[in-house]
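Every heavy atom of this structure was used, including side-chain atoms; hydrogens, water molecules and symmetry mates were not. Order of listing sets the numbers, starting from 1, for every ligand and every atom in it.
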Amino acid sequence: MSSFPRDPAFDSTFALLREGYRFIPARCERLDTDVFETRLMLRRAICMRGEEAARMFYAPDRFTRRGALPQTTLRLLQDKGSVATLDGAAHRRRKAMFMSLMGAESLAALEAAAEDAWQARIATWPARQDVVLLDEAHAVFCRAACRWAGIPLPEAETPARTRELAAMIAGAGAFGPSVLKALRLRRRTERWASGLVRQVRRGALQAPEGSALRVFAEHRDAEGQLLPPGTVAVELINILRPTVAVARFVVFAALALHREPAWRRRLAAAPTSAELEAFVQEVRRFHPFFPMVAGRVRAAFDWRGHHFRDGDWVLLDLYGTDHDPRIWGDPEVFRPERFHDWDGSPFNFVPQGGGEHFTGHRCPGEWATIALMRGAVRLLARLPWDMPEQDLTVDLSRMPAQPRSGVILRLAPPG
Ligand code: HEM
C-alpha cells in the first residue's frame with residue numbers, strides 16, 4: 001500500500017482561503033496526481049478530483065457527511081438532523097421525501113411559479129434605469145420557491161425572507177462577521193418555518209397536497225413518528241435556500257449570453273430543447289458554484305493502492321472535475337456544443353454532486369435547477385438589455401463565487 005502524495009505545507013488552510021476553487025487542481029497538477037494528503041484547520045485531509053475519484057466517492061454508503069463540514073458551513077447549508085447528515089436506510093427514507101417533489105408535475109408547478117414571478121418583476125424594470133440581476137433573481141426565486149412549497153408569502157415579507165436566504169448562501173464559505181450575521185438571520189428563518197409547520201399540524205394553515213410544506217409536515221420516520229417541527233423547518237429551508245441559490249447560475253447564464261452573442265441570438269429565436277439544455281449544462285459546468293463536497297470514511301477500504309482509514313476526512317473537487325482536461329477538452333472555453341455528445345456519466349459532470357439521486361447524497365434539486373435555469377435563459381435571451389460598464393470579475397477565492405457587480409442589466413428604451 002503506498003502513502004498519499006503530500007502537500008508539503010504544514011497546514012494549508014490559508015492557501016485554501018486564498019486559492020479557493022483552484023486549491024485542489026493546483027496541487028493535483030503540481031504533485032502529478034488525482035489524490036493527495038494535506039492538512040486543513042490542523043486536520044489531516046485527503047483531496048481528490050476526476051471521474052474515477054468521483055466514482056469511488058459516490059460508491060453507496062462509503063462516506064458520511066457527518067463531521068465533514070466546518071460547523072458554520074453545516075449550520076448555514078444543511079444543519080443538524082437534515083437529510084445530508086443521515087446515512088443508510090434513514091437517509092434513503094428522508095431522501096425519498098425530497099425526491100417525491102421532483103416529479104414532472106411538481107417541477108412544472110415550480111416552473112410556472114418562477115415564470116409568474118419573473119414576469120411580475122420584469123414589469124418593474126422599465127421604470128428603473130439599471131437592475132442588479134442577482135438581487136432580482138434572488139427575489140424571483142424566493143417568491144417561486146415559497147409558492148411551490150405551499151408557503152404563504154405576503155408581498156411585504158418577500159424582501160426580508162429573500163435577504164435571509166441569500167445571506168445563508170453568501171455566508172456558507174465565509175468567515176467572520178458576515179457568518180455571524182447569516183447565522184442570526186437563519187435563526188429567524190427557522191422560527192418562521194417551525195411556526196408554519198405547527199400551524200399546518202394544528203389545521204390552522206392548509207398546505208396544498210404534494211407541496212413541500214404538506215409532505216414534510218406529514219412525513220413519518222421508520223418508527224412511524226412525525227419529524228420534530230425544528231427538523232421539518234430545517235428541511236423546508238433545504239428547499240427554499242438552494243432554490244434561491246439558483247440565482248447565481250442565472251447571473252452566470254446572463255454573463256454567458258452577453259459574451260456569446262451568437263448563442264444569445266440562437267436562444268432568442270426558437271431554440272431546440274437540445275440547444276437550450278446544452279447551454280444550461282455548459283453554464284453549470286463552466287462557472288464556479290460548489291467547489292467541493294466533503295465526507296468521512298465509514299469503514300476502511302483500499303483504492304488504487306491507497307489505504308483509506310475509518311474516519312478519514314476526504315474532499316472531492318467538484319469544480320476541478322468539471323474542469324478536468326481529460327474529460328472536458330479545452331475546459332476553460334465556454335462551448336455548449338460539447339453537451340451534444342456528452343456520455344451522460346453520473347461521475348464526470350458533477351456541479352451538484354455525483355452518483356445516484358435517490359439512494360446517494362447527490363443533490364435532489366438538480367432537475368429543479370435545470371428547469372429554473374431553462375426558464376430564466378429563455379426570458380433573458382429575448383429581452384433587449386445591455387450591460388453598462390461594471391466590474392464583472394469573478395474572484396475564485398470567494399466561495400461561492402459571483403461576478404463582483406452582481407451583473408447589472410440596462411434595458412434598452414422602447415423604440
Ligand atoms: C445537496 C449543489 C440546488 C437541495 C447538494 C450537494 C451539492 C449541491 C454539491 C451535495 C452533494 C453531496 O453531498 O454529495 C447544489 C447547487 C444548486 C443546488 C450548485 C444550485 C443552486 C438545489 C435545489 C434543491 C437542493 C434547487 C432543492 C429544491 C439539496 C439537498 C441536498 C443537496 C436537500 C442534500 C442531499 C443529500 O444529502 O442526500 N446540492 N444544489 N439543491 N441539495 Fe443541492
Given side chains that start at C-beta, do those of [X] and [Y] come closer than 4.5 Å, heavy atoms only?
{"X": "T321", "Y": "W328", "value": "no"}
{"X": "M387", "Y": "L392", "value": "yes"}
{"X": "Q206", "Y": "R214", "value": "no"}

Check whether any heavy atom of G355 sits under 4.0 Å from an atom of ligand 1.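 G355: no contact with ligand 1 (<4.0 Å).
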At the 4.0 Å heavy-atom cut-off, does L318 count as touching ligand 1?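 A heavy atom of L318 does come that close to ligand 1.
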Is R65 positioned over the aromatic face of W313, cation under 6.0 angstrom from the ring centre and no more than 45 degrees off axis? no
Sub-3.5 Å N/O-N/O distance, Y58 and ligand 1: yes
Return the residue, atom name and 0.1 Å-rounded distance of the protein heavy atom closest to [atom].
{"atom": "atom 9 (C) of ligand 1", "value": "F290 CD2, 3.3 Å"}
{"atom": "atom 28 (C) of ligand 1", "value": "T243 OG1, 3.6 Å"}
{"atom": "atom 13 (O) of ligand 1", "value": "R65 NE, 2.8 Å"}
{"atom": "atom 15 (C) of ligand 1", "value": "Q352 CG, 3.5 Å"}
{"atom": "atom 10 (C) of ligand 1", "value": "V293 CG1, 3.8 Å"}
{"atom": "atom 37 (O) of ligand 1", "value": "H361 ND1, 2.7 Å"}
{"atom": "atom 4 (C) of ligand 1", "value": "N238 O, 3.5 Å"}
{"atom": "atom 22 (C) of ligand 1", "value": "P242 CB, 3.3 Å"}

Provide the number and element of each atom of ligand 1 under 4.0 Å from a heavy atom of [X].
{"X": "G360", "result": "38 (O)"}
{"X": "F98", "result": "33 (C)"}
{"X": "A245", "result": "21 (C)"}

State yes or no: are the ring centers of [X] and [Y] separated by less than 6.0 Å?
{"X": "F14", "Y": "F23", "answer": "no"}
{"X": "F290", "Y": "Y319", "answer": "no"}
{"X": "F63", "Y": "F57", "answer": "yes"}
{"X": "F308", "Y": "F4", "answer": "yes"}

Quick one: do R338 and D330 make a salt bridge, cutoff under 4.0 Å?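 Salt bridge between R338 and D330, a charged N being under 4.0 Å from a carboxylate O: no.
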Residues R410 and D386 bridged, charged N to O under 4.0 Å: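 D386 and R410: not salt-bridged.
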For V246, which part has a heavy atom under 4.0 Å from ligand 1: side chain, backbone, both, or neither?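 The answer is both, backbone and side chain.
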Part of H91 with heavy atoms under 4.0 Å of ligand 1, whether side chain, backbone, both or neither: side chain
Minimum non-hydrogen distance to atom 31 (C) of ligand 1, winning option of A84, C363, P364: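 The residue whose heavy atom sits nearest atom 31 (C) of ligand 1 is P364.
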Have a look at T369, L316, L107 and point out the one with the heavy atom closest to atom 26 (C) of ligand 1. T369
Partner of R374 under salt bridge (Lys or Arg N to Asp or Glu O under 4.0 Å), chosen from E275, E115, E277: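 Testing R374 for a salt bridge (Lys or Arg N to Asp or Glu O under 4.0 Å) against E275, E115, E277 leaves exactly one candidate, E277.
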